[in-house]
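By convention in this document, chain letters (A, B, ...) are assigned in the order of the sequence lines, proteins followed by strands, and residues within each chain are numbered from 1.
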Amino acid sequence: MIAVFNPQNNSFTLYDPVSGESSYVDIEGLKRHQLEYVCYLLYNGGEVITDSITRIDGQTVRRIKDTIHLLPEHNQKTYQAVKKIYLDRPAIPHFLLCETGFFSRLPEEVTAYAVPVFLKKTGIKRFGSNSLFHEYMMQMLKEVVQNRANKIVSVYLGNSPHIAAIKDSRPVEMTTGFSSLEGLMSVNGCGDIDPTIIFDLYSKGMPFNEINILLSQKSGFSGLAGRECDFKQMLTEEDSKIIKLRKIFAYNVVRYIGAFISVMGGVDSIVFGCSRIETALSLIVEIISHFTFLNIEIDKSITINEHMKISTYNSMVDVYCFAYDRLKMIRKLAILSLEVERE
Amino acid sequence: MNILIFNCGSSSLSFKIFTHKERELNVILKGKAHRVGVVGSEKSFIEFSLGEEKVRTSVDIPNHRKAAELVFAFLKDKEIAVNSIGHRFVHGGSFFKSSTLIDEDVKEKLKLCVPLAPIHNPVSLSVINASFSHYSHIPQYVAFDSAFHSTIPYYAYTYALPIDLIKKYDYRKFGFHGLSYSFVTERVSRYLGIPIDKFKMVACHLGTGGASVCAINRGHSSDTSMGYSPLPGLVMSTRSGDLDPMLTIYILYLFGFKTDELNDILSKKSGLLGVSAYSSDIRDIIAHLNKEDMQSELAFKMYIHRLKKYIGSYIAALDGIDALVFTDDIGVTNPGVREKVCDNMEWCGLLLDKRLNAKADINTINSLHSNSSKVAVLSVPTDEELMIAEQGVKLLIKK
């Protein structure tokens with residue numbers, strides 16, 4: 001049994017890798033369980049925690065404390081959880097998994113905003129988010145293709161979609177920025193908008209906290225659908241608003257993939273990760289159909305599989321779909337880390 | 001027939017008179033009022049160039065109306081007749097999808113557009129009013145920067161905001177520099193000898209102030225980097241371009257700025273100027289590279305990086321392109337920017353000829369690609385006033 005702390009719901013997921021079953025417990029509830037090791041998610045490590053995975057020691061705990069100001073709401077919870085459980089269970093390994101780690105060494109022209117120096121000095125930059133997913137996609141891809149994955153576009157499709165560009169095993173761009181609101185729209189988040197709209201709403205009398213709620217909780221798929229709408233509903237339902245929404249979403253994914261190919265100067269593989277491939281497949285095919293100029297060819301006869309290549313042998317770019325499960329990913333990263341330690 | 005064209009900048013007024021004869025438009029007078037409404041050490045002045053004659057007068061120009069009146073006085077003095085006046089109007093909102101003759105109804109709608117471009121629209125309106133009080137009996141028309149972008153499809157202009165809010169306030173991408181894109185599209189078609197509806201291109205309007213990129217699908221704009229306002233998109237001289245919306249809210253909280261203060265910072269103190277803390281002009285920044293000025297180097301890299309992202313995104317949106325076009329001051333005069341942007345673009349079939357690029361003539365269209373390139377790379381001088389005049393001729397002849 002392993003335990004994974006997620007600050008978003010301030011609880012642990014207990015995961016049995018043998019049966020694949022999982023359940024939630026709080027900090028107190030964790031005491032009753034035998035554990036192999038414990039993982040903690042940290043949403044923003046800033047420039048303090050720059051590795052994706054860290055074997056926790058006393059110094060790590062102090063460093064987590066130094067990240068709290070970056071994302072107080074979430075990082076504070078991670079800090080509290082680590083402090084308590086790490087001290088309670090010194091005999092087993094503890095891992096910190098940082099969602100910005102993989103992105104922390106991006107060049108400054110990618111991470112900086114074009115704002116005056118006095119604003120930059122406050123530490124604002126594009127941290128990116130969900131970098132664990134993209135690092136994992138890269139590793140999975142490396143297992144499938146030995147040498148043809150120097151330029152990768154990695155796409156997560158789900159309730160909070162995001163894309164990254166990875167060149168020679170290093171990330172070079174991502175859709176998320178200072179927060180995860182930037183980039184693609186999500187189930188409730190607006191994604192990229194003209195900042196003038198925020199000024200305009202404020203001048204029309206809407207206070208900031210309401211604007212904040214509007215953009216991060218009432219927009220995105222649900223905003224455009226005019227009702228609650230998650231990723232699966234967006235893909236499967238057929239009313240006119242949803243059909244339009246699907247088209248808007250697909251178009252934005254196409255644009256970002258194009259932008260990232262441009263930044264890398266080409267692409268070898270495009271990899272899509274999602275929890276249920278069969279639901280997302282038609283969307284993926286639609287997205288890829290915008291790239292005929294790159295001579296990408298989709299194999300329409302393919303049968304659905306957890307790790308599948310959907311492009312044909314003749315395609316100039318390889319396209320993959322991988323089933324993605326966050327717990328499996330976390331376990332794999334932890335195992336890899338333990339292996340490295342043993343070596 | 002003589003057509004007077006007014007093109008308002010935020011602190012300038014450009015004007016040209018075209019004479020239309022046997023289907024040709026020729027400039028007989030041009031000029032510009034500088035530092036309009038600007039208080040500073042240098043005095044404002046107005047320039048006229050009429051054939052060989054050049055006049056430069058230092059004079060107080062407190063507003064655009066006064067600048068227009070100086071033009072009228074000059075025309076009267078030189079006895080130059082005006083048969084129609086064409087006005088550039090930056091933002092026509094959802095009201096106007098093409099240029100139009102001005103009547104009372106149009107005037108009312110133009111007034112409603114003022115808040116959409118708070119810097120440009122009011123000054124254009126004041127020039128229109130001045131023109132009507134001076135020339136009450138000749139046809140006048142407006143040409144819109146936003147009109148060319150009225151063909152952008154919903155999937156490219158929609159922001160993922162609550163649908164009722166979008167309807168209530170008309171929040172959507174409008175786009176700018178449309179007159180320039182429209183002009184450039186036509187010139188490229190003529191130059192390449194391909195009908196306008198037979199090719200796809202990405203055009204970069206890189207001005208000394210604003211800059212944007214446009215995806216042009218068979219003669220129609222299908223996407224552009226500016227949005228509801230001219231703030232988003234590329235890193236510009238003093239505008240930040242794209243920002244995380246959460247960042248805007250965060251900064252407002254952190255500093256306790258008023259929204260117009262932050263708007264001012266993002267519009268007038270950011271971009272190249274903000275990052276480099278040296279200059280708002282990319283040419284100054286390029287000249288300053290290799291001087292161990294890290295901030296100027298960063299500003300330059302960001303400018304190129306953002307531009308490459310947008311070009312790539314529109315190449316994908318168009319499923320490949322036939323031409324990449326650079327226009328306006330920076331686009332036409334700056335081979336260094338073009339070379340950096342075109343670096344590593346073989347993936348889409350584009351290969352720049354560095355020699356052709358370096359010696360491009362700034363006064364005419366140039367091919368800059370190598371023989372083996374599948375995508376044409378062109379530098380194309382733009383002429384917004386000529387575009388307005390051409391649109392005017394069509395309107396006036398129809399009438």
Side-chain angles (χ1 to χ4, degrees), chain A residues 108-110 112-117 119 122 124 126 173 177-179 181-182 185 190-200 202-203 208 211-212 214-216 218-221 223-226 241 244 247-248 251 254-263 265-267 290-294, chain B residues 154-156 158-165 169 171 173 227-229 231-232 235 240-254 259-260 262-263 265-266 269-272 274-275 277 295 298 301-302 305 308-317 319-320 344-348:
Chain A
E108 206 181 353
E109 67 262 29
V110 179
Y113 289 103
V115 295
V117 175
L119 282 179
T122 62
I124 57 172
R126 300 181 65 221
E173 254 294 0
F178 174 74
S179 77
L181 196 59
E182 183 174 329
M185 67 170 106
C190 62
D192 301 323
I193 60 163
D194 184 339
T196 306
I197 291 173
I198 295 170
F199 304 137
D200 197 56
Y202 186 77
S203 74
F208 290 132
I211 298 176
N212 190 354
L214 182 93
L215 301 182
S216 52
K218 294 182 177 171
S219 296
F221 308 155
L224 286 177
K241 277 186 187 145
K244 270 188 154 182
K247 179 89 182 157
I248 297 166
Y251 180 75
V254 168
R255 268 200 308 213
Y256 265 116
I257 293 176
F260 290 180
I261 293 173
S262 179
V263 166
V267 63
H290 281 80
F291 293 89
T292 56
F293 76 109
L294 291 180
Chain B
Y154 73 90
Y155 50 79
T158 305
Y159 295 119
L161 294 167
I163 194 99
D164 44 349
L165 193 79
Y169 296 127
Y171 288 146
K173 177 180 285 187
Y228 175 74
S229 78
L231 180 57
V235 175
S240 64
D242 294 330
L243 276 183
D244 188 333
M246 192 56 84
L247 186 63
T248 319
I249 296 172
Y250 176 82
I251 295 171
L252 287 167
Y253 267 128
L254 193 67
T259 51
D260 50 349
L262 183 56
N263 197 352
I265 289 168
L266 297 179
K269 291 169 187 152
S270 294
L272 294 170
V275 176
Q295 282 165 241
L298 176 62
K301 282 184 171 169
M302 287 175 73
H305 183 77
K308 277 187 95 87
K309 271 172 81 173
Y310 268 102
I311 292 170
S313 70
Y314 293 156
I315 291 174
D319 196 356
N344 260 326
M345 291 280 278
E346 291 90 338
W347 63 274
C348 69

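- A/Ser262 contributes a side-chain N or O that, together with a main-chain N or O of B/Lys308, makes up a donor-acceptor pair within less than 3.5 Å.
- Side-chain contact check for B/Thr259 versus A/Phe208: some heavy-atom pair is nearer than 4.5 Å.
- Across all their heavy atoms, B/Ser270 and A/Val115 have their closest contact at OG-CA, 3.8 Å.
- Here the side chains of B/Lys301 and A/Glu108 are not in contact, with every heavy-atom distance at 4.5 Å or above.
- Taking the side chain as every heavy atom from C-beta outward, A/Ser219 and B/Pro162 approach each other to under 4.5 Å.
- Residues A/Ile198 and B/Leu262 form no side-chain contact, since every pair of their non-hydrogen atoms from C-beta on lies 4.5 Å or further apart.
- Only the side chain of A/Tyr251 comes within contact range of chain B, judged by heavy atoms closer than 4.5 Å.
- Distance alone, capped at 3.5 Å, is enough to place a donor-acceptor pair between the A/Asp194 side chain and the B/Tyr228 backbone.
- Ranked by heavy-atom pairs under 4.5 Å with chain B, the list A/Ile197, A/Thr122, A/Ile261, A/Ile124 is led by A/Ile197.
- Summarising the geometry, atom CG belonging to A/Leu181 is positioned 15.0 Å from atom OH belonging to B/Tyr250; distances are rounded to the nearest 0.5 Å.
- For the options A/Ser216, A/Ala112, A/Gly177, heavy-atom pairs under 4.5 Å to chain B are most numerous at A/Ala112.
- With a 4.5 Å cut-off on side-chain heavy atoms, A/Glu182 and B/Leu243 do not count as touching.
- For CZ of A/Phe199, the number of neighbouring non-hydrogen atoms (other residues, nucleotides, ligands) closer than 6.0 Å is greater than 12.
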A/Phe293 and B/Cys348: side-chain contact (heavy atoms from CB on, under 4.5 Å), yes or no, with the steps? CA-CA 8 Å; A/Phe293 76 109; B/Cys348 69; 4.1 Å; yes
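- Between A/Val110 and B/His305, the closest side-chain pair of non-hydrogen atoms falls below 4.5 Å.
- Note: A/Asp200 leads A/Leu294, A/Leu215, A/Asp200, A/Ile257 in heavy-atom pairs under 4.5 Å with chain B.
- For the set A/Thr292, A/Leu214, A/Val254, A/Val263, the entry with the most heavy-atom pairs within less than 4.5 Å of chain B is A/Thr292.
- Nearest heavy-atom pair, A/Pro116 versus B/Lys269, reported as atom, atom and distance to 0.1 Å: CG-O, 3.2 Å.
- Options A/Lys247, A/Lys218, A/Met185 differ in how many heavy-atom pairs under 4.5 Å they form with chain B, and the most are formed by A/Lys247.
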